[in-house]
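Data block below; observations after.
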Amino acid sequence: MKNPFLETKLIARSEPSSEILVADCIKKGGVCVVPTDTVYGFSGIVPQSQSHIHSIKGRDEGKPFIQLIAKPEDLYCYTDVIIPQQLFSLWPGAVTVIVPVTQDDGEKTTVAFRCPGDSWLRKVIDLVDAPIYSTSVNRSGEPVLGNVEAIYQEFFGEVELIVGGDEIIDPNAKPSTLVELLSNGKCKILRQGSVVIPPELLA
């Protein structure tokens with residue numbers, strides 16, 4: 001639902017200190033639209049922004065979002081599972097890896113992580129100093145939006161900040177390749193995206 005008192009800001013990624021503006025917005029609990037290494041994405045700090053993003057998208061809250069990290073080695077802050085070096089070497093890049101994670105309450109779950117290939121976005125995450133969510137910019141069940149003007153018209157009053165990239169992002173571009181890391185160290189492909197996983201890593 002649009003908030004009549006929320007004035008969505010629109011900035012260009014090329015603006016000086018744009019990554020600082022985005023990081024500050026996210027750290028304060030805001031939801032931003034940012035260009036990623038695949039498509040435009042809704043981003044917010046983990047875990048506080050999850051319900052807000054679900055509400056904007058109209059998405060089932062049982063479906064988790066990908067979490068973006070600033071550096072590949074940051075993954076080991078959240079899981080003790082060792083990632084095969086061949087897989088690890090694909091980061092930064094458009095590969096999302098699902099790994100087991102033990103939550104603060106001791107409950108075990110799985111989380112999908114990606115260290116994005118876009119250096120600007122990695123700088124934002126580094127400044128936030130925490131993982132951020134990433135999910136495509138669209139209403140649930142609707143086409144992904146790749147044009148900043150269309151995004152602004154659709155989501156004005158629902159997000160705090162929209163960052164325009166240097167060019168239109170193709171909404172039909174391939175998403176990240178999504179793999180699940182199995183207990184034997186092999187991978188199971190759940191979604192084939194723009195990156196090909198070496199066959200010797202596959203179960």
Side-chain angles (χ1 to χ4, degrees), residues 1-61 63-70 92 94 96 112 114-176 178 191 193-194:
M1 181 180 296
K2 294 187 184 297
N3 179 352
F5 301 104
L6 177 61
E7 184 174 349
T8 300
K9 294 181 180 178
L10 177 61
I11 66 170
R13 181 170 60 179
S14 56
E15 287 185 23
S17 303
S18 61
E19 65 268 44
I20 296 175
L21 293 174
V22 175
D24 285 347
C25 178
I26 289 175
K27 284 192 290 186
K28 292 174 182 176
V31 173
C32 303
V33 171
V34 299
T36 74
D37 49 348
T38 52
V39 295
Y40 280 103
F42 290 116
S43 287
I45 196 167
V46 175
Q48 293 94 322
S49 65
Q50 180 171 285
S51 294
H52 188 183
I53 298 174
H54 274 297
S55 177
I56 293 170
K57 285 181 70 82
R59 180 172 171 175
D60 179 359
E61 295 212 19
K63 295 182 179 180
F65 299 125
I66 292 171
Q67 298 186 21
L68 302 183
I69 53 178
T96 299
R114 183 166 92 243
C115 180
D118 186 273
S119 59
W120 177 89
L121 183 54
R122 293 199 307 275
K123 179 64 174 176
V124 169
I125 304 165
D126 190 51
L127 289 169
V128 173
D129 197 29
I132 66 174
Y133 290 119
S134 181
T135 181
S136 59
V137 177
N138 62 304
R139 306 288 184 190
S140 185
E142 295 295 323
V144 175
L145 298 177
N147 181 287
V148 172
E149 291 184 6
I151 292 171
Y152 187 80
Q153 291 296 322
E154 179 67 25
F155 294 105
F156 179 86
E158 294 183 74
V159 298
E160 280 75 10
L161 184 63
I162 296 173
V163 182
D166 300 321
E167 58 187 26
I168 292 176
I169 293 180
D170 181 4
N172 297 312
K174 286 187 176 181
S176 63
L178 177 64
R191 180 182 69 200
S194 57

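Computation of the quantities below employed the complete heavy-atom set of this structure, encompassing side-chain atoms and omitting hydrogens, waters and symmetry-equivalent molecules.
- Across every non-hydrogen atom of Val159 and Leu6, the tightest pair is O-CD2, 3.7 Å.
- For the atom pair CG (Asn138) and CD1 (Ile151), the distance works out to 10.0 Å, reported to the nearest 0.5 Å.
- How far CG of Asp37 is from CZ of Arg114: 4.5 Å, rounded to the nearest 0.5 Å.
- Not one N or O on the side chain of Ser43 forms a donor-acceptor pair closer than 3.5 Å with the backbone of Ser134.
- When the options Leu127, Val124, Val128, Ile132 are evaluated for a side chain to side chain contact (heavy atoms under 4.5 Å, CB included) with Val22, the one that passes is Val124.
- The CD atom of Gln48 lies 11.0 Å from the CD1 atom of Ile53; values are rounded to the nearest 0.5 Å.
- Among Gln50, Gln67, His54, the single residue meeting the side chain to side chain donor-acceptor pair (under 3.5 Å) criterion with Tyr133 is Gln50.
- Taking the salt bridge (charged side-chain N to carboxylate O under 4.0 Å, His left out) definition, one finds that Glu15 meets it with nothing, sequence neighbours left out.
- Using modelled atom types and a 3.5 Å distance limit, the side chains of Thr38 and Ser176 yield no donor-acceptor pair.
- Ser194 approaches Ala94 most closely through the heavy-atom pair OG-CB, 3.5 Å.
- In plain terms, the two heavy atoms of Asp126 and Ala70 that are nearest each other are N-CB, 3.7 Å.
- You'll find the side chain of Leu21 stays beyond 4.5 Å of the side chain of Lys9, heavy atoms only.
- Residues satisfying the side chain to side chain contact (heavy atoms under 4.5 Å, CB included) test with Pro92, not counting sequence neighbours, are Pro72, Cys115, Arg122.
- Heavy atoms only, all atoms of each residue included: Ile125 and Ala130 are closest at CG2-O, 3.5 Å.
- Phe155 has its ring centre less than 6.0 Å from the ring centre of Phe42.
- Formation of a donor-acceptor pair under 3.5 Å by the Ser18 side chain with backbone atoms of Ser14 is not found in this model.
- Closest non-hydrogen pair, Val39 versus Ser136, comes out as CG2-CB, 4.2 Å.
- For NZ of Lys123, the number of neighbouring non-hydrogen atoms (other residues, nucleotides, ligands) closer than 6.0 Å is 12 at most.
- Listed for the Arg139 side chain is a donor-acceptor partner under 3.5 Å among the backbone atoms of Glu154.
- Atom OH in Tyr152 sits 7.0 Å away from atom CD1 in Ile162 (nearest 0.5 Å).
- Note that the SG atom of Cys32 and the CD1 atom of Ile45 stand 11.0 Å from one another [nearest 0.5 Å].
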Next item on the list: Could you please spell out the steps behind the side-chain contact (heavy atoms from CB on, under 4.5 Å) verdict for Val46 and Phe65?
Entry: CA-CA 10 Å; Val46 175; Phe65 299 125; over 6 Å; no
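- Summarising the geometry, atom CD belonging to Glu160 is positioned 13.0 Å from atom CG belonging to Asp24; distances are rounded to the nearest 0.5 Å.
- Across every non-hydrogen atom of Leu121 and Asp118, the tightest pair is N-OD1, 2.8 Å.
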